[in-house]
Visitor: 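Okay, here's the structure, questions in a sec.
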Amino acid sequence: MAFRQLFDPESSTYTYLIADDATHEAVLIDPVMEQASRDLALLRELGLSLRWTLETHVHADHVTGALAIRQATNAQTAVSRDCNAQGYDRLLTDGDVVLFGHQEIMVIATPGHTPGSVSFLWRDRLFTGDTLLIGGCGRTDFQGGSAQALYHSITARLFTLDEQVLVYPGHDYKGRRVSSIGEEKQFNARIAGKSEAEFVHTMDTLNLPMPKKIHEAVPANLAGGGAAALQESFSTAAAASIVHNISARQLAAEWPANQGKARLIDVRTPAEFETVRVAGAMNVPLDRLVAANLMTVVPVEETIYCICQTGTRSQFAAERLRAAGFRHVVHVDGGTNAWQADGLPVVRGERKAISMERQVRIAAGSLTLLGVAAGALVHPAGYALAAFIGAGLFYSGASDTCTMALVLAKMPWNQSASPTA
Ligand SMILES: N[C@@H](CCC(=O)N[C@@H](CS)C(=O)NCC(=O)O)C(=O)O
Ligand SMILES: [Fe+2]
């Protein structure tokens with residue numbers, strides 16, 4: 001099971017990711033729009049397929065990431081029916097069960113912070129949104145909040161759960177991450193040992209400033225993405241999570257003028273790079289491309305163009321860099337082959353490296369031949385080698401990946417001729 005507690009520093013919001021091991025299906029609780037790219041990258045990195053985004057309530061301090069994420073993943077969105085919100089795929093009520101993979105999440109209506117506030121119970125973990133915070137609770141002075149209702153929700157619905165149940169709040173403004181029902185019953189300053197009247201009095205005299213984004217967030221979250229302006233920002237967030245493709249011609253139009261403001265990374269082997277390359281490219285072979293290292297020299301805002309021989313390796317490189325947080329990653333379709341086919345100028349070295357694609361053909365061909373010869377002349381087991389290479393080539397074609405190329409890239413003849421390169 002994958003479980004993550006993610007944090008948005010601007011609104012101090014916690015977003016939770018829960019995934020089912022067996023099926024790789026996942027849910028996100030309370031995603032934040034500005035963090036949609038982070039969440040999408042994490043889903044990709046963990047190989048998860050998102051089924052639901054769940055809202056604990058209509059938030060007043062941030063816009064939900066649900067719609068941006070739905071656009072990018074086909075996940076369904078859900079919010080409580082009592083929120084009176086539009087545009088969500090599912091309206092939840094008390095006692096509903098949300099299913100994903102072999103997992104169940106139970107919906108517990110906990111009105112008070114807002115009339116539609118709910119908590120989600122998954123196994124021994126309770127996601128309380130703003131109903132119960134660590135050492136505190138959500139305010140009740142806007143969005144139809146009610147201190148009486150909140151008192152009832154916390155004491156009668158949440159404090160009656162097992163004391164071992166872990167409390168994961170919707171926010172924390174002091175860096176605390178998790179608590180338990182037992183701890184909150186005993187230590188929560190707002191409610192532990194307090195009568196309803198005392199609690200209501202405390203809530204009525206908090207005098208907190210309004211959340212900074214309330215006028216943007218509440219209509220957006222109520223509209224569920226209906227507003228045109230919001231749709232636009234959602235698409236921007238979704239677009240930010242993908243790698244852009246350009247043709248070799250487009251690169252030729254953009255790159256020379258952008259040198260100094262952008263990077264062109266050639267992810268082929270040093271030998272291929274030294275044979276022929278686009279001027280100004282820097283060589284970081286795919287098997288040595290570590291995004292975190294690159295980040296120490298290239299700012300994440302800088303545009304990075306990725307190029308290889310045919311456009312396969314550069315696609316992997318671009319996705320790796322994008323997922324690691326580089327914001328403008330561009331992949332060159334067709335690679336150096338397309339660049340040369342378009343008659344664009346190249347830098348040629350002394351070396352004549354055999355292209356990776358030809359090396360794979362030569363290696364696969366010789367191994368198959370060897371397998372058949374060994375099978376016929378030495379031992380029938382030799383045929384297995386030929387069959388293995390055949391299966392490998394089929395898999396490589398079907399998945400557009402090539403393990404053999406990765407192994408060949410490490411061979412000495414594919415390394416740089418000069419020790420410094
Ligand atoms: N300074 C924050 C205030 C956020 C705020 O008021 N949060 C609400 C939840 S939406 C709350 O109930 N806070 C409880 C508290 O501050 O004790 C902002 O501007 O966003
Ligand atoms: Fe809230």
Side-chain angles (χ1 to χ4, degrees), residues 13-16 18 20 25-31 51-60 64 66 70 75-134 136-171 179-182 184-185 188 190-191 196 199-200 203 218 221-224:
T13 301
Y14 285 125
T15 296
Y16 298 93
I18 313 173
D20 178 53
E25 289 186 358
V27 303
L28 277 170
I29 297 176
D30 287 338
R51 287 290 308 277
W52 297 101
T53 60
L54 307 176
E55 306 292 328
T56 53
H57 63 294
V58 164
H59 307 279
T64 171
R70 178 171 69 183
Q76 296 208 290
T77 59
V79 71
S80 162
R81 182 178 294 281
D82 296 331
C83 286
N84 284 320
Q86 310 292 314
Y88 291 83
D89 299 311
R90 178 168 170 189
L91 299 177
L92 303 168
T93 52
D94 188 45
D96 276 0
V97 174
V98 178
L99 298 171
F100 65 104
H102 304 307
Q103 308 295 319
E104 296 183 351
I105 293 182
M106 198 176 77
V107 179
I108 305 175
T110 46
H113 172 58
T114 72
S117 288
V118 294
S119 300
F120 296 113
L121 182 63
W122 171 69
R123 298 188 182 179
D124 65 344
R125 295 172 196 212
L126 181 70
F127 304 90
T128 53
D130 297 349
T131 298
L132 181 61
L133 303 176
I134 299 175
C137 63
R139 59 201 285 176
T140 49
D141 57 338
F142 55 60
Q143 287 184 281
S146 155
Q148 285 86 353
L150 185 57
Y151 186 83
H152 178 80
S153 291
I154 296 177
T155 55
R157 300 298 311 264
L158 301 186
F159 283 179
T160 50
L161 295 170
D162 192 299
E163 297 205 342
Q164 305 298 319
V165 166
L166 296 171
V167 172
Y168 285 96
H171 298 287
S179 173
S180 68
I181 291 293
E184 292 311 313
K185 263 163 96 167
N188 189 294
R190 291 246 176 106
I191 206 161
E196 180 175 330
F199 178 75
V200 171
M203 295 310 287
V218 172
N221 293 330
L222 276 175

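All residue numbers in this chain count up from 1 along the given sequence.
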Visitor: Before you tell me yes or no, could you show the steps for L121 and V165 under side chain to side chain contact (heavy atoms under 4.5 Å, CB included), namely the whole-Å CA-CA distance, both residues' side-chain angles and the distance that decides it to 0.1 Å?
Guide: CA-CA 9 Å; L121 182 63; V165 166; 4.2 Å; yes
Visitor: For a quick test of reading the model, state the closest non-hydrogen atom pair linking V118 to S80 and the distance between them.
Guide: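 Minimum heavy-atom contact is CG1-CB, 3.7 Å.
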Visitor: For L132 versus P169, what's the shortest heavy-atom pair and its separation?
Guide: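 The pair with the smallest heavy-atom distance is O-CB, 4.0 Å.
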Visitor: Please tell me whether T131 and S153 have a donor and an acceptor in their side chains that are separated by less than 3.5 angstrom.
Guide: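 T131 vs S153: no donor-acceptor pair found between side chains.
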Visitor: Are the charged groups of D94 and R157 less than 4.0 angstrom apart, N to O?
Guide: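 A salt bridge is present here (some side-chain N lies under 4.0 Å from a carboxylate O).
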Visitor: Less than 4.5 Å apart, side chain to side chain, heavy atoms only: is that true for C137 and L150?
Guide: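 C137 vs L150: side chains touch.
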Visitor: If you measure from OH on Y88 to CD on Q76, what distance do you get to the nearest 0.5 Å?
Guide: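 The distance works out to 14.0 Å.
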Visitor: Taking all non-hydrogen atoms of both residues into account, name the closest pair between A60 and V218 and its distance.
Guide: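 So the minimum-distance heavy-atom pair works out to CA-CG2, 3.7 Å.
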Visitor: So, for E55 and F120, which heavy atoms are closest and what is the spacing to 0.1 Å?
Guide: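 Closest approach of E55 to F120: O-CZ, 3.4 Å.
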Visitor: Is there side-chain contact between I29 and T15, with at least one heavy-atom pair below 4.5 Å?
Guide: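 Counting from C-beta outward, I29 and T15 never come under 4.5 Å.
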Visitor: Minimum heavy-atom separation for R190 and G136, please, with both atom names.
Guide: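 Scanning both residues completely, I find the closest heavy atoms to be CG-CA, 4.0 Å.
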Visitor: For a 4.5 angstrom cut-off between non-hydrogen side-chain atoms, does D162 reach D124?
Guide: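 Not touching, per the 4.5 Å side-chain cut-off.
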Visitor: Between D30 (side chain only) and T56 (backbone N and O only), is there a donor and an acceptor less than 3.5 Å apart?
Guide: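 Yes, because the side chain of D30 sits within donor-acceptor range (under 3.5 Å) of the backbone of T56.
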Visitor: Tell me if the CZ atom of R125 is crowded by more than 12 foreign heavy atoms within 6.0 Å.
Guide: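 Correct, the count exceeds 12.
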Visitor: Please report the C-alpha distance between R90 and W52 in whole Å, then the side-chain angles of each, then the deciding distance to 0.1 Å, and finally whether the side chain to side chain contact (heavy atoms under 4.5 Å, CB included) criterion is met.
Guide: CA-CA 10 Å; R90 178 168 170 189; W52 297 101; 3.6 Å; yes
Visitor: Please round to the nearest 0.5 Å and tell me the distance separating atom CG of N84 and atom CG of L91.
Guide: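 These two atoms lie 9.0 Å from each other.
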Visitor: Grab the two heavy atoms, one from G116 and one from C83, that are nearest each other, plus how far apart they are.
Guide: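 In this case the closest contact between G116 and C83 is O-SG, 3.5 Å.
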Visitor: Is the distance from the ring center of Y168 to that of Y16 below 6.0 Å?
Guide: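 Judged by ring-centre distance (under 6.0 Å), Y168 and Y16 do meet the cut-off.
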Visitor: Look only at the side chain of E25 and the backbone of G101, and say whether a donor-acceptor pair between them is shorter than 3.5 Å.
Guide: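 A pair under 3.5 Å: yes.
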Visitor: Taking F100's backbone N and O only, do any of them form a donor-acceptor pair with R51's side chain (distance below 3.5 Å, no angle check)?
Guide: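 Not a single qualifying donor-acceptor pair exists.
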Visitor: We want to know whether E184 and S179 form a side-chain donor-acceptor pair, criterion being a heavy-atom distance below 3.5 angstrom.
Guide: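 Yes, a side-chain donor-acceptor pair sits under 3.5 Å.
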Visitor: Using the side chain to side chain contact (heavy atoms under 4.5 Å, CB included) rule, take H152 and E196 through it: C-alpha gap first, then chi angles, then the decisive distance, then the call.
Guide: CA-CA 8 Å; H152 178 80; E196 180 175 330; over 6 Å; no
Visitor: Can you tell if the side chain of I105 reaches within under 4.5 Å of the side chain of V27, non-hydrogen atoms only?
Guide: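 Touching, per the 4.5 Å side-chain cut-off.
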Visitor: Using the rule given for side chain to side chain contact (heavy atoms under 4.5 Å, CB included), can you reason through F127 versus I18, listing the C-alpha separation, both sets of side-chain angles and the distance that settles it, and then say yes or no?
Guide: CA-CA 11 Å; F127 304 90; I18 313 173; 3.8 Å; yes
Visitor: Rounded to the nearest 0.5 Å, how far does OG of S117 lie from CD1 of I108?
Guide: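 The CD1 atom of I108 sits 13.0 Å away from the OG atom of S117.
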Visitor: Quick one: are T128 and S119 in side-chain contact, heavy atoms under 4.5 Å?
Guide: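 With C-beta onward as the side chain, the pair touches.
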Visitor: Do F159 and I191 have side-chain heavy atoms sitting under 4.5 Å apart?
Guide: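 When only atoms from C-beta onward are counted, I191 and F159 do touch, with a gap below 4.5 Å.
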Visitor: With respect to H113, which candidate in H59, H57, H171 satisfies the ring pair (Phe, Tyr, Trp, His ring centres under 6.0 Å) definition?
Guide: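 The passing option is H57.
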Visitor: Kindly say whether T64 contributes a backbone atom to a donor-acceptor pair with the side chain of N221 at under 3.5 angstrom?
Guide: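 Yes; judged by distance alone, with no hydrogens or angles, the pair exists.
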Visitor: Side chain of T77, backbone of D89: donor and acceptor closer than 3.5 Å?
Guide: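 Checking the backbone N and O of D89 against the side chain of T77, a donor-acceptor pair under 3.5 Å is found.
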Visitor: Less than 4.5 Å apart, any side-chain heavy atom of V167 and any of L158?
Guide: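 No, side chains not in contact.
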